[in-house]
Amino acid sequence: MRCFLAIALADETRAALERLQADLPLGREVPAENLHLTLAFLDDRSVAELEALHDGLEALRLPAPRIEFAGLGVFGGKRPSSLHAAVAASAELRALHARIRGLAAVAGFALPRERFHPHVTLARFSGGLTTQDEMRLARYLGRFGSASVPGFTASAVTLFRSTLGRGAPVYDPLSDYPFGPAATDGA
Ligand code: 2AM
């Protein structure tokens with residue numbers, strides 16, 4: 001099955017991101033219930049592979065990371081393909097990402113090497129943007145690009161199944177892997 005590991009958002013965070021989506025004058029919004037912070041896209045995996053990964057994730061118990069936001073951004077360079085809320089790539093989050101990659105390798109599937117840019121995708125721009133859309137996007141970013149979004153302390157890593165269909169994908173949480181207590185400041 002097609003799946004990914006992510007951090008579910010706090011309600012207050014989701015509400016703030018929904019407000020930012022409501023002001024966006026272009027693109028295809030990600031439905032509010034689908035907003036999440038991806039840690040690793042696992043692609044199509046067999047039940048045996050997911051069970052092997054499950055064992056590693058159950059033992060994880062890393063300190064709960066703080067999720068802090070760092071403004072809005074666009075992927076795709078000159079051909080913008082999506083708008084996202086950037087998440088600060090803290091040492092804790094990077095360590096978590098690296099640990100998950102390691103667990104996947106132990107479970108028998110190496111994840112592709114790619115830079116980790118933690119983010120929450122807010123909208124997609126399939127089919128490219130017209131010049132007018134580009135101007136709308138620039139105006140939107142000028143106005144909201146530095147908007148503050150409330151951070152939160154993550155409680156768990158969640159394994160989601162992603163089912164593709166005609167509309168937005170359907171994401172079903174399959175299991176939660178709770179973090180341990182949050183790291184104390186200065187620790
Ligand atoms: P995105 O939001 O930046 O597109 C489920 O599709 C999640 O996995 C999404 O958050 C998506 O990130 C992420 N993802 C990463 N690589 C992907 C890929 N090759 N195909 C689909 N989703 C991917």
Side-chain angles (χ1 to χ4, degrees), residues 1-10 13-14 16-22 24 26-47 49-50 53-54 57 65 67-90 93-94 96-105 107 109-129 133 137 140-141 144-145 147 149 151-152 154-177:
M1 75 191 83
R2 184 181 162 91
C3 48
F4 62 96
L5 291 168
I7 289 177
L9 305 182
T13 305
R14 187 184 304 277
L17 294 177
E18 276 188 79
R19 285 194 292 276
L20 286 168
Q21 288 179 310
L24 183 68
L26 71 160
R28 197 160 30 87
E29 279 171 29
V30 172
E33 69 273 17
N34 278 6
L35 294 171
H36 62 272
L37 164 57
T38 300
L39 295 168
F41 178 66
L42 305 180
D43 212 338
D44 254 321
R45 294 295 153 204
S46 66
V47 171
E49 285 173 320
L50 291 178
L53 181 66
H54 176 87
L57 288 167
I67 307 301
E68 301 289 359
F69 287 84
L72 302 184
V74 167
F75 286 136
K78 288 192 173 164
R79 292 167 176 265
S81 56
S82 61
L83 172 79
H84 61 268
V87 171
S90 63
L93 261 189
R94 279 186 280 114
L96 175 60
H97 178 248
R99 180 72 83 85
I100 285 173
R101 287 182 58 87
L103 291 176
F109 53 99
L111 297 174
R113 274 200 163 275
E114 54 196 3
R115 277 201 67 181
F116 180 45
H117 292 291
H119 65 276
V120 177
T121 300
L122 299 179
R124 299 183 194 280
F125 309 128
S126 351
L129 296 186
D133 281 342
L137 179 59
Y140 174 85
L141 288 174
F144 298 107
V149 173
F152 64 101
S155 55
V157 172
T158 303
L159 174 67
F160 286 93
R161 177 175 55 199
S162 164
T163 309
L164 302 180
R166 279 167 180 242
V170 176
Y171 298 152
D172 295 303
L174 299 181
S175 10
D176 276 337
Y177 303 98

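Both ligands and their constituent atoms are indexed starting at 1 by order of listing. Index from 1, following the sequence.
For a heavy-atom separation below 4.0 Å, the residues in contact with ligand 1 are Arg2, Phe4, His36, Thr38, Phe41, His119, Thr121, Arg124, Tyr171.
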Kindly list each side-chain donor-acceptor pair under 3.5 angstrom involving residues 26-40, sequence neighbours excluded, with atom names and distances?
unit_1: Arg28; atom_1: NH2; unit_2: Ser126; atom_2: OG; d: 2.4
unit_1: Asn34; atom_1: ND2; unit_2: Pro169; atom_2: O; d: 2.8
unit_1: His36; atom_1: ND1; unit_2: Asn34; atom_2: O; d: 2.6
unit_1: His36; atom_1: NE2; unit_2: Thr38; atom_2: OG1; d: 2.9

For residues 2-10, which side-chain donor-acceptor pairs fall under 3.5 Å, sequence neighbours excluded?
none

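Sorted by first and then second residue, the salt bridge (Lys or Arg N to Asp or Glu O under 4.0 Å) pairs with a member in residues 110-123 form an empty list; sequence neighbours excluded.
When the shell of 6.0 Å around CZ of Arg101 is examined, it contains more than 12 heavy atoms from other residues, nucleotides or ligands.
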- request: Run the numbers on Tyr171 and Ser162 for side chain to side chain contact (heavy atoms under 4.5 Å, CB included), then give the verdict.
  value: CA-CA 5 Å; Tyr171 298 152; Ser162 164; 3.5 Å; yes
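To the nearest 0.5 Å, the span separating OG1 on Thr13 from CD on Glu68 amounts to 9.5 Å.
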